[in-house]
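To start, the structure under review is shown below, and the notes come after it.
Nothing fancy with the numbering, it's 1 onward along the sequence.
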Amino acid sequence: MLSKAKIKYLQSLQQKKHRQREKVFLVEGEKIIDEVLRQHIFKIHSIYATEDWINKNKTILASYQNRLTPTPLNGLKKISSLKTPNSVVAVVETPHYTSFADKIQTSLNLVLENIQDPGNMGTIIRIADWFGIPHIFCSKGCVDIYNSKVIQASMGGFLRVQVHYIDLEALFSQYPSLPVYGAVLGGDNVFKQSLKTPSFLLIGNEGKGLSDPIQKEITHKITIPKMGGAESLNAGVATGILCALFASQL
């Protein structure tokens, strides 16, 4: 059974400051945790699961017995961020990425400025995973990718896409030869552009778009032309369309 102290600790990991201090985050859901266990990419600190889930997954849990705590569903509900808790929750170590120079000059690189919505962030990670984009670079104002809603929305993409929080202007200065495509209103029709890879693709805040200082870094301003009556596209949808267009020109 979970002690009150352990429940309080696990609940605290719903907050960014505690995740950063402890260097861990929560992963929930049978499918995502199955991926985490099988891929051995991230270190797992502990697993809390129902007896039924444990019995169904004995093979992949063989090497995790000392980190496994059988927990009834009402116990999982206390530590879950979901309205309807899953049958398993894991505490996973936050990865520390140190080098990305080997791939940055051979691929499309997503760059996000002040993306705030966890659903959008998770969707963008999932899109990057789908198109084989290895890196996403985020401004410090972006939502934390280890927010449980981001993890859920990424559908396992966080395992394969490396996300870096970095000074964006410093990033661009390190790679002055790479084109910087920025999604802005009033840009050139993206369907009529020659899109080069390797390059950077800049996506801005859901409501405000890209800031003026970052817009100065753009070498190619592009836009998805409006053809119907919708007021706007959200950041995740726009990113998916643009990534598909880049992929079509490889």
With Asp34 via side-chain hydrogen bond (donor to acceptor under 3.5 Å, both in side chains) - residues at least two apart = Arg38

query = In terms of hydrophobic clusters joined by side-chain contacts under 4.5 Å, are Ile41 and Met155 together?
reply = no

inquiry  = Once rounded to the nearest 0.5 Å, what's the spacing between atom CG of Leu112 and atom CG of Leu201?
reply    = 8.5 Å

ask   = Counting only N and O atoms by type, is there a donor-acceptor contact under 3.5 Å from the side chain of Asn114 to the main-chain atoms of Asn205?
value = no

inquiry  = Given 3.5 Å as the limit, does a donor-acceptor pair link the side chain of Gln116 with the main chain of Gly141, or not?
reply    = yes

inquiry  = Among residues at least two apart in sequence or on other chains, which ones pass side-chain hydrogen bond (donor to acceptor under 3.5 Å, both in side chains) with Asp167?
reply    = none

message = Under 4.5 Å side-chain heavy-atom separation, chaining through any Ile, Leu, Val, Met, Phe, Trp or Tyr, what else clusters with Tyr48? Say none if it is isolated.
response = Leu2, Ile7, Tyr9, Leu10, Leu13, Val24, Leu26, Leu73, Leu76, Ile79, Val89, Val91

query = Do the side chain of Thr197 and the main chain of Ser107 share a donor and acceptor less than 3.5 angstrom apart?
reply = no

message = Consider side chain to side chain contact (heavy atoms under 4.5 Å, CB included). Of Ile54, Leu37, Thr71, Val92, which one does Ile47 pass it with?
response = Leu37

ask   = side chain to side chain contact (heavy atoms under 4.5 Å, CB included) with Ile115: which of Ser139, Cys138, Cys142?
value = Cys142

ask   = Does the distance from a Lys or Arg side-chain N to an Asp or Glu carboxylate O, for Lys216 and Asp212, drop under 4.0 Å?
value = no

ask   = Considering only heavy atoms from C-beta outward, does the side chain of Asn86 approach that of Ile33 to under 4.5 Å?
value = no

request  = For Leu210 and Ile218, run side-chain contact (heavy atoms from CB on, under 4.5 Å): C-alpha distance rounded to whole Å, both residues' side-chain angles, the deciding distance at 0.1 Å, then the answer.
outcome  = CA-CA 10 Å; Leu210 294 166; Ile218 297 173; 3.8 Å; yes

query = Would a distance-only check, ignoring hydrogens and angles, find a side-chain to backbone donor-acceptor pair under 3.5 Å from Asn57 to Ile60?
reply = no

note = Interatomic distance, OG@Ser232 vs CD@Glu206, rounded to 0.5 Å, equals 10.5 Å

query = Parallel, tilted or perpendicular for Phe158 and Phe42, by the 30°/60° rule?
reply = tilted

query = Rounded to the nearest 0.5 Å, how far apart are CD1 of Ile166 and CD1 of Ile136?
reply = 13.5 Å

message = When you measure from the side chain of Thr219 to the backbone of Val180, do you find a donor-acceptor pair of N or O atoms at a distance under 3.5 Å?
response = yes

inquiry  = Within this structure, what is the NZ-NE2 distance for the pair Lys16 and His18, rounded to the nearest 0.5 Å?
reply    = 13.5 Å

query = Any idea which heavy atoms bring Lys58 and Asn55 closest together, and the distance?
reply = CE-OD1, 3.4 Å

request  = Give the minimum heavy-atom separation between Gly187 and Thr223, together with the two atoms involved.
outcome  = O-CG2, 3.2 Å

ask   = With a 4.5 Å heavy-atom cut-off, do Pro198 and Thr106 have their side chains touching?
value = no

query = Shared ILVMFWY cluster between Tyr97 and Ile125, side chains joined below 4.5 angstrom?
reply = yes

ask   = Looking only at heavy atoms, which two atoms of Gln14 and Ser80 are closest? And how far apart?
value = NE2-C, 4.1 Å

request  = Any pair with a residue in residues 182-225 that passes ring pair (Phe, Tyr, Trp, His ring centres under 6.0 Å), sequence neighbours left out, goes on the list, sorted by first then second residue, please.
outcome  = Phe172-Phe200, Tyr181-His220

message = Taking the side chain as everything from C-beta on, heavy atoms only, tell me whether Phe137 gets closer than 4.5 Å to Ile104.
response = yes

ask   = When rounded to the nearest 0.5 angstrom, what is the spacing between NZ in Lys31 and CD in Gln152?
value = 11.5 Å

note = Residues Gly236 and Ile127: closest non-hydrogen pair is O-CD1, 3.2 Å

Nearest heavy atoms of Ala183 and Ile203, plus distance in Å = CB-CD1, 4.1 Å

task = Say whether, by atom type as modelled, one donor and one acceptor occur between the side chain of Ser173 and the main chain of Ala170 under 3.5 angstrom.
result = yes

Can I get a per-line list of side-chain donor-acceptor pairs under 3.5 Å for residues 238-250, giving both atom names and the distance, sequence neighbours left out?
unit_1 : atom_1 : unit_2 : atom_2 : d
Thr239 : OG1    : Ala235 : O      : 2.7
Ser248 : OG     : Leu245 : O      : 2.7
Gln249 : OE1    : Leu195 : N      : 2.8
Gln249 : NE2    : Gln193 : O      : 2.9

task = May I ask whether Leu82 and Tyr146 are part of the same hydrophobic cluster, defined by side-chain heavy atoms of I, L, V, M, F, W, Y residues being less than 4.5 angstrom apart, directly or through others?
result = no

query = Between Asn109 (side chain) and Ser199 (backbone), is there a donor-acceptor pair under 3.5 Å?
reply = yes

query = Can you list every salt bridge (charged side-chain N to carboxylate O under 4.0 Å, His left out) pair that touches residues 124-149, not counting sequence neighbours?
reply = Arg19-Asp144, Asp129-Arg160

ask   = How about Glu28 and Ser148: does a side-chain donor come under 3.5 Å of a side-chain acceptor?
value = no

ask   = Is the closest side-chain heavy-atom distance between Met121 and Ile145 below 4.5 Å?
value = yes

key: Reported CD-to-CD1 distance for the pair Glu169 and Ile214, which is rounded to 0.5 angstrom   = 4.5 Å

query = Hey, does the side chain of Lys226 reach the backbone of Ala230 with a donor-acceptor pair shorter than 3.5 angstrom?
reply = yes

